[in-house]
Amino acid sequence: MHMLTQPRPYTLSDSDKILGEGETRYVLRVRDLPLEDKPREKMLAAGPGSLTHAELIAVLLGVGTRKEEVLSMAQRIIREYGERAVITEKSPERLSEALDIPLSKACQIVASFELGRRAYQSKAGRPLVVRTAEQAFQYFKSMGTLQKEQLRGLYVNSRFQVIHEETISIGSLTANIVHPREVFQPALEYGAVAIIVAHNHPSGSLEPTSDDYAVTRQLVKAGQVLGIELLDHLVIAGETFTSCMEEKT
């Protein structure tokens, strides 16, 4: 294992496995909360800025299901999928399957964030630049608290500006298959010249597994064929990270 102590700037030159789960159950119900703590009433009294991500999603969903109350569902969505991954997810089917929520509710979530994304993109904003593993880690840092293992990708242009983020795979601690086509398809769609991938170890171990290295090698080879470079593959655990690219792959 090699911990990065000094940022190594990324440079651009001219298969199939991964990914865990712990289970926690939430029993808090909206009807049990004091009136001032209920998400809708809280929004009306103090504005949307006073609500947590989970409370905002609970307001968006309105009601839960017979087996899960709406606030419990919203909190589980954030806890298991991650705030950033929920915001960037564009596939209701994948969200529904990964979280075991009704497809209609997954559509509500994806549609709401798509509206926000379009509004944001319509304004002139300063692009995010990722040039080092440390900068990439800061972008992916929230993955360190997730209870399920995820593989995510950052897609950059020739100026190292982030043009897209994708949640590529969500799995359990048993090995899943991650095909290079799933990793590189968004790069082709958005015109990226390079990608950075990261996945988390819910176990807390920073040691890359043999599967981690195998995936890294496979993605490097696939990228060489496509002319899309793999800049890094980070393993994230808690508040720290290591890079599979820093090891001999």
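Every heavy atom of this structure was used, including side-chain atoms; hydrogens, water molecules and symmetry mates were not.
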Closest contact, heavy atoms only, [X] versus [Y]:
X: L234; Y: S243; answer: CD2-CB, 4.0 Å
X: T132; Y: P9; answer: CG2-CA, 3.9 Å
X: A187; Y: I228; answer: CB-CD1, 3.8 Å
X: G62; Y: R40; answer: CA-NH2, 3.5 Å
X: S112; Y: I109; answer: OG-O, 2.7 Å
X: A58; Y: P39; answer: CB-CG, 4.4 Å

Given side chains that start at C-beta, do those of [X] and [Y] come closer than 4.5 Å, heavy atoms only?
X: V156; Y: I163; answer: no
X: M245; Y: L230; answer: yes
X: F160; Y: V129; answer: yes
X: Q150; Y: N200; answer: yes
X: M43; Y: P48; answer: yes
X: P208; Y: T242; answer: yes
X: I196; Y: F140; answer: yes
X: I195; Y: L154; answer: no

(message) Any carboxylate oxygen within less than 4.0 angstrom of a Lys/Arg side-chain nitrogen, looking at R152 and E166?
(response)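 Salt bridge absent between R152 and E166.
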(request) Decide, yes or no, whether a salt bridge links D100 with K67 under the criterion of side-chain N to carboxylate O below 4.0 Å. (result)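 Yes.
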Taking the side chain from [X] and the backbone from [Y], do they hold a donor-acceptor pair closer than 3.5 Å?
X: E69; Y: L71; result: yes
X: K148; Y: P202; result: no
X: E80; Y: I77; result: no
X: S96; Y: P92; result: no
X: Q108; Y: L60; result: yes
X: K105; Y: V63; result: yes
X: E68; Y: T65; result: no
X: R94; Y: T167; result: yes
X: R76; Y: L99; result: yes
X: Q138; Y: Q135; result: no

(request) Verify the distance criterion only: is there a donor paired with an acceptor across the side chains of Q161 and R159 at less than 3.5 Å? (result) no
(message) Distance alone, cut at 3.5 Å: any donor-acceptor contact between the side chains of Y81 and E89?
(response) yes
In terms of hydrophobic clustering (I, L, V, M, F, W, Y; side-chain heavy atoms under 4.5 Å; direct or indirect links), are [X] and [Y] co-clustered?
X: L103; Y: I57; answer: no
X: I78; Y: L56; answer: no
X: Y10; Y: V162; answer: yes
X: I101; Y: V59; answer: no
X: Y213; Y: V235; answer: no

(message) Distance check, rounded to the nearest 0.5 Å: K221 atom NZ versus T216 atom OG1?
(response)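 Answer rounded to 0.5 Å: 12.0 Å.
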(message) What's the separation between atom CG in N157 and atom OH in Y190, rounded to the nearest 0.5 Å?
(response) 14.5 Å
(message) Once side chain to side chain donor-acceptor pair (under 3.5 Å) is applied, do any residues pair with E189, and if so which ones, sequence neighbours excluded?
(response)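 Applying side chain to side chain donor-acceptor pair (under 3.5 Å) to E189 gives none.
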(request) Evaluate whether atom CD of E93 has more than 12 neighbouring non-hydrogen atoms of other residues, nucleotides or ligands under 6.0 angstrom away. (result) yes
(request) List the steps and the verdict of side chain to side chain contact (heavy atoms under 4.5 Å, CB included) for D212 and T209. (result) CA-CA 5 Å; D212 295 340; T209 66; 3.1 Å; yes
(request) Let me see the working for E149 and I170 under side chain to side chain contact (heavy atoms under 4.5 Å, CB included), right down to the final yes or no. (result) CA-CA 6 Å; E149 199 162 347; I170 299 175; over 6 Å; no
(message) Apply side chain to side chain contact (heavy atoms under 4.5 Å, CB included) to residues E229 and L231 and explain how you reach the verdict.
(response) CA-CA 6 Å; E229 192 165 354; L231 294 177; 4.2 Å; yes
(message) Less than 6.0 angstrom separating the ring centers of F137 and F241, yes or no?
(response)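 Yes, ring centres under 6.0 Å apart.
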(message) Angle between ring planes, H199 versus H233, binned at 30° and 60°: parallel, tilted or perpendicular?
(response)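 The arrangement is tilted - the two ring planes meet at 30° to 60°.
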(request) I would like to know whether S50 and K42 meet side chain to side chain contact (heavy atoms under 4.5 Å, CB included); could you show each step before the answer? (result) CA-CA 7 Å; S50 66; K42 188 175 178 181; 3.9 Å; yes
(message) For A222, give me all partners under side-chain contact (heavy atoms from CB on, under 4.5 Å), at least two apart in sequence or on another chain.
(response)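 Applying side-chain contact (heavy atoms from CB on, under 4.5 Å) to A222 gives P180, F184.
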